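Worth saying up front: this structure is predicted, and the values here are computed from it rather than measured. Each chain gets a letter, A, B and so on, in the order the sequences are listed, and its residues count up from 1.
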Amino acid sequence: MWNALFFYLFALIALGGGVLVITRRNAVHSALWLVVSLLGVAGEFLLLGAEFLFAVQIILYIGGVVLLILFVIMLVNLDQAARMRQFNRQWAIAGLCALVVGAEIAYFVWRGGPQAFQLATPVSAGPGEGNVEQLADVLFSRYLLPFEIASLLLLVAVIGSVVMAKKRS
Amino acid sequence: MSQFYTSTDHFVLVPAIMLALFGCAILLFDFFLFPEPRQRKWLLAFLVLGLVFTGVGLWRQHRFLAESGLPQITAFQGTLTVDGFALFFNWVFLAVSLVIGLMSYRYLEIEGEHHGEYYGLILLAQCGMYFLATGTDLITLFIGLELMALCFYIMVGFLRTQKRSNEAAMKYLLLGAFSSGLLVYGFSILYGISGSTKLSEISLAVANRDTWDPLVVLALITTSVGLLFKVSAAPFHMWAPDAYEGAPTTVTAFLASGSKAASFAFLVRMFAGPFESTRAVWEPLLIAVAILTLTIGNLAAITQENVKRLLAYSSISHAGYILLGLIAGNETGLKGVAVYILVYVFMTMGAFVVVTALRRAHLIGENIDDLAGLIHRSPGYAIVMLVCLLSLAGIPPTAGFLGKYYIFLSLVQTGHYLLAVIAVLYVAVAVYYYFRIVRAMFVAEAGPSVALASSFGVRVAAALTATLTLGIGIYPEPFLQLAQLPVMR
């Protein structure tokens with residue numbers, strides 16, 4: 001019971017934060033609401049028993065990424081940006097799309113009944129095995145290759161930022 | 001070697017290693033070995049050398065499969081699978097990178113942009129494509145897709161000082177990120193259903209469920225929206241004309257050929273793999289998308305004045321034809337998809353080579369008017385353009401006819417008569433707008449004569465694409481054998 005209660009609480013935090021991120025006019029406020037949204041996701045990780053991901057979420061995303069976003073926001077000229085029209089006026093179409101997708105999901109849930117969302121059984125941790133060890137185990141064995149390609153991906157991102165920022169010679 | 005990196009793993013990974021290695025090496029050489037502007041051609045030479053090494057790796061895989069008679073080689077515990085499908089697409093990517101590299105040198109000189117990063121990104125993008133064609137694991141496929149896409153975001157915005165290029169890169173990045181988000185959402189559901197990221201296990205889990213199972217349908221819809229974004233099928237095509245127009249012309253060519261072929265490899269892998277058992281759900285969906293794609297692509301192309309934009313809409317309509325082959329889904333259809341992609345990359349690149357050559361120091365040269373009287377100014381390029389346009393329109397004896405023939409044949413074989421009729425009707429529309437360019441080249445009065453930005457590389461690229469576009473149509477036998485590869489299972 002408590003588990004479900006906390007799940008919905010964290011989900012509400014994550015979702016509500018997300019909605020506020022995209023509706024605030026002030027970019028700094030948006031970034032701060034992003035912190036709230038990410039906190040909600042971190043809570044979900046904790047509920048799932050993924051303590052490592054919970055810690056990473058807090059340290060890397062909330063501590064690192066959002067901080068960087070805030071830096072960037074403060075570097076650009078905010079006054080000018082705030083005065084510009086930031087949203088295109090397509091609320092009606094966007095709302096309609098969301099409604100259609102929502103109705104579609106609701107229809108399928110109604111059709112399928114309670115068995116509709118049966119998922120594969122989750123893998124539970126072995127006794128005496130920590131979260132970090134488990135993650136490391138799969139990351140460096142089964143998912144070794146994607147892990148390595150991800151490093152290539154980061155390299156390309158670095159090249160890209162250098163190319164974009166470099167002065168014309 | 002440890003159990004996590006066996007010799008089979010290495011054998012399968014060699015082409016990707018070569019691409020990443022040479023990609024990084026070019027970046028370093030640009031800085032250390034060849035810093036002088038006149039040494040830039042060595043960077044291009046290294047790109048070609050890297051492609052040769054990659055080709056050797058691919059050739060060894062090809063020989064191994066042919067000699068052992070095995071259907072496939074799996075590596076990294078099922079993460080990568082080298083089969084006929086993967087080999088075919090990797091050969092296509094190799095040819096695309098080569099042509100793009102050759103046609104880019106002179107263009108970069110005119111724009112005054114950096115060579116090293118550009119060539120490095122070509123190879124790294126191809127590395128991403130390698131994983132797209134070879135991967136059979138959701139995570140590998142997704143990271144491969146992002147690796148390729150990230151290279152393209154950078155390359156589309158490569159002309160940093162031009163507003164048009166910046167805008168194109170921005171649009172492409174935002175919409176690309178959005179579509180990736182949808183794709184990952186679909187993947188997360190697939191993982192939830194099966195508890196595995198391997199395509200083979202996901203296929204089993206999906207097949208075990210009801211065809212109209214809500215989760216499967218939700219996963220199918222989100223995944224296919226993400227994938228259709230990448231192949232620029234309507235109604236998810238909005239980014240394509242802007243990105244194609246704003247990007248450097250050589251990058252547009254790469255985007256229209258390489259990125260599209262790789263995205264189709266991914267799409268076919270998903271639809272003919274995990275989603276095969278839910279054909280009843282996705283067939284009507286794809287039919288609607290294909291018809292819409294053909295309609296929007298062909299009708300919007302009619303009014304375009306910018307050649308790059310026109311070719312962008314034409315590439316959208318070609319995506320519709322390729323989807324038709326997937327809808328038919330029989331052996332002819334899949335072979336048709338392969339033939340079409342093979343033919344499509346060469347004819348599209350050929351057309352873009354000519355547009356690239358039109359870019360001169362003080363002339364952008366992208367409007368149809370800029371092609372006026374090209375036959376008098378430089379008959380060679382005019383003929384290359386003519387061959388490619390005839391092929392794009394699907395007129396025999398060019399290769400484009402062959403591609404369309406297989407697609408239409410498969411539609412008739414599987415009883416999609418109405419679709420076949422619609423597809424044929426749109427060929428007539430396509431002939432109209434391609435011939436607007438032809439008319440400009442051959443009939444219109446020549447403008448002020450300015451020499452084209454020709455160079456050895458551009459000429460080789462033009463000759464290669466035109467020869468293949470014509471050659472595949474006249475003597476298709478070896479290419480049909482190549483296109484038979486993906487069908488063999």
Side-chain angles (χ1 to χ4, degrees), chain A residues 18 22 41 44 48 88 90 93-94 97-98 100-124 136-169, chain B residues 3-5 9 13 16 20 23-24 27 75-80 112-114 117-118 120-121 124-125 127-128 131 135 137-144 146-148 150-151 153-155 157-158 160-161 166 169 189 191-197 205 209-210 212-215 217-218 221-222:
Chain A
I22 56 166
V41 177
E44 301 284 18
L48 285 170
N88 48 21
Q90 288 175 343
I93 299 172
C97 285
V100 168
V101 175
E104 184 191 321
I105 295 174
Y107 171 72
F108 280 122
V109 173
W110 171 75
R111 243 180 80 119
Q115 285 92 40
F117 282 82
Q118 227 159 37
L119 296 173
T121 41
V123 191
S124 54
D137 251 4
V138 289
L139 199 59
F140 292 103
S141 59
R142 254 172 71 194
Y143 297 111
L144 178 67
L145 182 69
F147 182 72
E148 293 296 333
I149 311 171
S151 63
L152 212 56
L153 184 74
L154 291 179
L155 177 75
V156 170
V158 172
I159 296 170
S161 52
V162 171
V163 166
M164 290 297 153
K166 202 158 65 171
K167 283 211 171 65
R168 211 186 171 102
S169 54
Chain B
Q3 54 166 320
F4 299 126
Y5 192 69
D9 293 347
L13 203 57
C24 297
L27 291 173
F76 292 99
Q77 295 143 50
T79 301
L80 293 183
E113 285 297 343
H114 297 277
E117 287 89 348
Y118 184 88
L121 285 173
L124 289 170
C127 188
F131 291 116
D137 175 281
L138 287 186
I139 297 182
T140 310
L141 280 166
F142 181 69
I143 296 185
E146 286 305 295
L147 177 59
M148 176 188 84
L150 203 58
C151 291
Y153 300 147
I154 301 166
M155 279 161 60
F158 212 72
R160 290 159 299 148
T161 50
N166 298 346
I189 300 171
Y191 177 68
I193 291 171
S194 62
S196 167
T197 54
R209 284 178 163 244
D210 197 30
W212 282 92
D213 185 276
L215 273 182
V217 172
L218 193 61
I221 289 175
T222 45

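Scanning both residues, A:V163 and B:R160, for their nearest heavy atoms gives O-CD, 2.9 Å. Pairing each heavy atom of B:A20 with each of A:L152, the nearest pair is CB-CD2, 3.8 Å. Nearest approach of B:I154 to A:G160, heavy atoms of both residues: CD1-CA, 3.2 Å.
The residue among B:D9, B:L121, B:T140 with the most heavy atom pairs within less than 4.5 Å of chain A is B:T140.
The side-chain contact (heavy atoms from CB on, under 4.5 Å) search around B:L141 returns B:L132, B:L199, B:F266, not counting sequence neighbours. With sequence neighbours excluded, the residues satisfying side-chain contact (heavy atoms from CB on, under 4.5 Å) with B:S196 are B:S194, B:K198, B:E201.
Residue contact with chain B, scored on non-hydrogen atoms closer than 4.5 Å, involves the backbone and the side chain of A:I149 alike. At a 4.5 Å heavy-atom cutoff, B:F142 makes no contact with chain A through either its backbone or its side chain. Contact annotation for B:Q77: only side-chain heavy atoms (C-beta onward) come within less than 4.5 Å of a heavy atom of chain A. Contact of B:L124 with chain A is made through the side chain alone, with heavy-atom distances under 4.5 Å. A:F147 does not touch chain B: none of its heavy atoms, backbone or side chain, sits under 4.5 Å away. Using a 4.5 Å cut-off between heavy atoms, A:L155 contacts chain B through its side chain alone, with no backbone atom that close.
Residue B:C24 holds its SG atom at 6.5 Å from CD1 of A:I159, rounded to the nearest 0.5 Å.
Paired with A:L145 under the rule side chain to side chain contact (heavy atoms under 4.5 Å, CB included), one option of B:L80, B:D137, B:I143 passes, and it is B:L80.
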